[in-house]
Amino acid sequence: MGNPIALFKGILLGRYLDMEVLIAPLQIILKEYRLFIVKHSIVTGSVYKLAGKPYVSDLLDEAALQYAESIIQQWLPSESCVMDLALTEQGYKVIEFNNINSSGFYATNVAKLIQALEYAYNG
């Protein structure tokens with residue numbers, strides 16, 4: 001697709017009228033989480049930002065996990081992936097989904113993730 005800035009400028013100039021673009025209002029993010037999902041189950045994860053500043057912890061809020069589970073029940077881009085989640089002033093929101101192969105671990109329990117992957121895909 002090329003340069004994303006040029007692409008965005010092209011959208012603004014009407015060059016990509018058939019392209020669907022999702023734009024959401026600006027949100028104040030209180031806390032950010034990274035959750036590793038293997039075969040539709042949250043295996044492990046980490047907090048990676050608090051009040052906009054880097055902060056790592058393996059302590060995950062139960063409410064965040066429950067929200068993530070509700071999203072998993074509705075849709076996932078792949079059976080195993082990474083979900084970045086935000087706590088905003090309006091509640092929890094999905095920031096993005098990432099490839100499980102190239103996401104940073106932060107304070108994630110990597111041994112638990114590898115064990116889950118090996119069990120899920122190697123029996």
Side-chain angles (χ1 to χ4, degrees):
M1 283 231 165
N3 180 335
I5 302 294
L7 177 61
F8 184 70
K9 286 179 181 176
I11 291 168
L12 292 178
L13 296 173
R15 294 187 186 135
Y16 300 94
L17 295 177
D18 61 339
M19 179 182 285
E20 293 184 31
V21 177
L22 178 66
I23 300 174
L26 180 65
Q27 299 287 321
I28 294 173
I29 298 177
L30 307 172
K31 200 174 202 180
E32 294 181 49
Y33 306 82
R34 174 154 292 167
L35 303 174
F36 285 81
I37 301 161
V38 176
K39 295 261 182 151
H40 295 93
S41 294
I42 299 168
V43 174
T44 185
S46 173
V47 174
Y48 64 91
K49 275 191 185 175
L50 184 62
K53 296 185 179 5
Y55 172 87
V56 292
S57 171
D58 63 349
L59 301 175
L60 301 172
D61 303 324
E62 187 60 34
L65 295 173
Q66 288 175 354
Y67 179 80
E69 287 289 348
S70 74
I71 297 299
I72 291 168
Q73 298 305 313
Q74 295 176 54
W75 181 83
L76 278 179
S78 176
E79 67 181 6
S80 296
C81 61
V82 174
M83 179 191 301
D84 283 354
L85 192 65
L87 175 59
T88 72
E89 293 175 336
Q90 288 75 39
Y92 291 98
K93 308 290 181 190
V94 174
I95 297 173
E96 64 183 348
F97 290 97
N98 294 298
N99 186 313
I100 204 165
N101 300 351
S102 59
S103 295
F105 296 119
Y106 302 109
T108 295
N109 184 333
V110 177
K112 193 173 182 181
L113 174 61
I114 291 170
Q115 183 180 24
L117 288 166
E118 286 181 346
Y119 179 78
Y121 295 103
N122 292 331

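Not measured: the values here are computed from a predicted model.
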Single-linkage hydrophobic cluster [X]~[Y], side-chain heavy atoms < 4.5 angstrom:
{"X": "Ile72", "Y": "Trp75", "answer": "yes"}
{"X": "Ile29", "Y": "Tyr67", "answer": "no"}
{"X": "Leu60", "Y": "Val56", "answer": "no"}
{"X": "Val110", "Y": "Val47", "answer": "no"}
{"X": "Leu59", "Y": "Tyr92", "answer": "no"}

Inset, instruction - Check whether any side-chain heavy atom of Leu65 sits under 4.5 Å from a side-chain heavy atom of Leu35, and report yes or no. - result: yes
Legend entry - Test item: Tyr119 and Val43 side chains (from C-beta on) under 4.5 Å apart, heavy atoms: no
Residue pair [X] / [Y]: nearest heavy atoms and the distance that separates them:
{"X": "Ser46", "Y": "Ala107", "value": "OG-N, 3.0 Å"}
{"X": "Asn98", "Y": "Cys81", "value": "O-CB, 3.6 Å"}
{"X": "Thr108", "Y": "Thr44", "value": "CG2-CG2, 3.2 Å"}
{"X": "Val38", "Y": "Leu113", "value": "CG2-CD1, 4.0 Å"}
{"X": "Ser80", "Y": "Lys39", "value": "OG-N, 3.0 Å"}
{"X": "Leu76", "Y": "Met83", "value": "CD2-CE, 4.5 Å"}

Inset, instruction - Report, as yes or no, whether the 6.0 Å neighbourhood of atom CD1 on Ile28 holds more than 12 heavy atoms from other residues, nucleotides or ligands. - result: no
Inset, instruction - Might you confirm whether atom CD of Glu79 has over 12 heavy atoms from other residues, nucleotides or ligands at distances under 6.0 Å? - result: yes
Inset, instruction - Give a yes or no on whether the backbone of Gly104 and the side-chain of Arg34 come within a donor-acceptor separation of less than 3.5 Å. - result: yes
Legend entry - Any donor-acceptor pair under 3.5 Å from Asp61 side chain to Ala63 backbone: no
Inset, instruction - Begin with the C-alpha distance, continue with both residues' side-chain angles, and end with the deciding distance and a verdict on side-chain contact (heavy atoms from CB on, under 4.5 Å) for Ile37 and Ile100. - result: CA-CA 8 Å; Ile37 301 161; Ile100 204 165; over 6 Å; no
Legend entry - Glu69 side, atom CD; Gln66 side, atom CD - distance, nearest 0.5 Å: 9.0 Å
Inset, instruction - Scan residues 31-65 for pairs that pass ring pair (Phe, Tyr, Trp, His ring centres under 6.0 Å), counting only residues two or more places apart or in two chains. - result: Phe36-Phe105, Tyr48-Tyr106
